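Hydrogens, waters and symmetry mates are skipped; everything else that's a heavy atom, side chains included, is used. Please read all numbers here as calculations on a predicted model, not as lab measurements. Every number for a ligand or one of its atoms is a count from 1 in the order of the listing.
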Amino acid sequence: MDQKSTPYLDAVARYIKENPVRFHYPGHKGILFPLDLTELPQTDNLFSPTGPLLDAQRLTALAFGSDTSYFLVNGSTQGIQSAFISIFRPGDKVLVSYYSHRSVIEGFILSGAEPVFIEERIDRWGIPQNIRLEDVEGKIGEDIKGIVLTNPNYFGLVPEMKEIVDYAHSKGSVVIVDEAHGVHLHFNKKMPISGLDADADVVVQSMHKMGISLTQGALIHIKGDRIDREALEESVKLLSTTSPSTSILVSMDLARRDLFLNGKRRLDRLIPIIDELRREIEKIGFPVYKRPGMDRTKLTLYSIDGNRVSLDLWEKFKIQPEMSSETYCLFIISLLDSRSTVNTLLNALKDIPVYPPGKADIPPRYTLVQSPRSAFLSPKDKIPVEDSAGRVSGEIITKYPPGLPLLIPGALITLEIKEYLKSLGKTYVSVTLD
Ligand SMILES: Cc1ncc(COP(=O)(O)O)c(C=O)c1O
């Protein structure tokens, strides 16, 4: 078996080819969605794989350079939460970016671990900056059990990955990498380093973001011997449906094959196209966001009114960016993009005014006065935002775009945060009763 093979897809295809009379779930019986099966002896079982799914996961581990890889059908969210509950215990301190995705906060709620925030800078356009070694040095000590890094963030900015992983390991901390936006990184040396290549202990990736799997397809990888494999596997199961979608799993098998066989070549072809696109866009007058070593597949035009640009692109050209704000507009260029698709974008931008930016809407920062888990589990009340200053949040509130955290359970609602929530039109907020 080599990376050209797709053992799981083949098993599902063989079953369908038999044209079986199906007296099993799902109720659509394959009439509506032929690829969608339940787990069958012929197609293996995700919780205890012994056949094609085991082979598909082993090929994935080999392709990515991990020791063990598992398929996830509930996105990177499931992987991050699973990592937390298997690795951390109540009260463990975990160093984490302030601007982490909500799944990381959910990891704290589920595990009872307590965040120690790296208060990374956010620039005046509302873009969180990368984490440097100096941001974590001194913060990782004996009482820090682990660190969670995002690689890259939504805007393509990357932490000083290798330096931080080595430093964390030298201090006895484990490193979990949220690589939801970076499943492609390992496959081309011109890209920023992937968490696995930097020897991180657990790396979670959304195959559906930069890979070609169906939405929800994701991977969790383990490398090295700092992680209890069985505990992680149990946690992955704990947070999974017992009816994983065959369609998602098949698409994961294909996506792994595609990244391994075509990832390098596609990125080699795409990188010069992206670099040229970036230069051409700047010539029109749209500033393009650049940071050393970043993942350039994330294209952010900044210092513009991104919302108006986004609206014009849709109304005049039916082009839809990933997200926009008063100060930027973000486009995702995937491995399936080409000179032709990026030229469509370039030509459209030529016909759109460079709208001046509005004021970046940067939420005030919160501080924690209680652990996220105890605040989440404590008795709660839903009260008018107007009355919320001085109370402790019982819920996660994020602002999209780009999903920045406004409040998490255990955070103190200050006057400033209350006013900010009101400015967003929020009328009620969940607070703890304790
Ligand atoms: C940084 C980051 N981590 C994790 C996730 C969760 O990924 P998924 O949607 O695959 O659950 C996202 C989703 O947007 C994300 O942006």
Side-chain angles (χ1 to χ4, degrees), residues 60 69-85 94 96-110 115 117-118 120 122 126-131 146-159 161 175-185 192 194-196 200 202-221 235-236 238-241 244-245 247-249 251-252 255-256 259 294-295 297-300 321-325 328 330-332 334 396-406 408:
T60 303
S69 301
Y70 301 101
F71 286 178
L72 308 170
V73 291
N74 191 25
S76 287
T77 298
Q78 183 194 352
I80 292 164
Q81 293 175 349
S82 307
F84 264 82
I85 58 173
V94 179
V96 67
S97 150
Y98 180 86
Y99 293 112
S100 292
H101 185 257
R102 64 173 288 141
S103 53
V104 172
I105 305 303
E106 288 157 358
F108 283 107
I109 294 171
L110 289 167
F117 287 116
I118 303 166
E120 73 267 40
I122 185 162
I127 299 179
Q129 299 299 290
N130 63 325
I131 309 263
I147 172 167
V148 182
L149 297 170
T150 306
N151 184 50
N153 71 10
Y154 223 144
F155 302 89
L157 308 195
V158 294
M161 176 63 74
V175 182
I176 300 172
V177 180
D178 171 357
E179 220 161 78
H181 298 274
V183 77
H184 59 304
L185 299 183
S194 71
L196 282 169
V202 176
V203 177
V204 178
Q205 299 169 324
S206 297
M207 195 61 124
H208 66 93
K209 291 193 195 293
M210 290 301 289
I212 60 164
S213 86
L214 290 179
T215 297
Q216 291 183 214
L219 297 169
I220 186 164
H221 310 275
S235 304
V236 165
L238 189 78
L239 297 176
S240 180
T241 170
S245 153
S247 322
I248 295 176
L249 295 174
S251 74
M252 299 269 284
R256 179 269 314 153
L259 276 170
M294 72 179 288
D295 174 3
T297 61
K298 280 72 177 173
L299 173 73
T300 308
E322 169 73 10
M323 66 174 171
S324 65
S325 77
Y328 59 75
L330 169 66
F331 303 83
I332 302 294
S334 93
I396 303 179
I397 303 178
T398 47
K399 178 178 179 285
Y400 190 86
L404 295 182
L406 299 183
I408 69 172

Between the protein and ligand 1, which nitrogen or oxygen pairs come in under 3.5 Å, and how far apart is each?
unit_1, atom_1, unit_2, atom_2, d
ligand 1, 3 (N), Asp178, OD1, 3.0
ligand 1, 3 (N), Asp178, OD2, 2.6
ligand 1, 10 (O), Ser76, N, 2.9
ligand 1, 10 (O), Ser206, OG, 2.8
ligand 1, 10 (O), His208, NE2, 2.8
ligand 1, 11 (O), Ser76, N, 3.2
ligand 1, 11 (O), Thr77, N, 2.9
ligand 1, 11 (O), Thr77, OG1, 2.6
ligand 1, 14 (O), Lys209, NZ, 3.0
ligand 1, 16 (O), His181, NE2, 2.7

List in chain and number order the residues that pass ring-ring contact (aromatic ring centres under 6.0 Å, His included) with His181, two or more places apart in sequence or in another chain; answer none if no residue qualifies. Tyr154
Can you list everything that forms a salt bridge (charged side-chain N to carboxylate O under 4.0 Å, His left out) with Lys209? Sequence neighbours excluded, please. none
Of all residues at least two apart in sequence or in a different chain, which pass the salt bridge (charged side-chain N to carboxylate O under 4.0 Å, His left out) check with Glu322? none
Check: [X]/[Y] side-chain N/O donor and acceptor closer than 3.5 Å:
X	Y	result
Ser76	Ser206	yes
His221	Gln205	yes
Gln129	Glu120	no

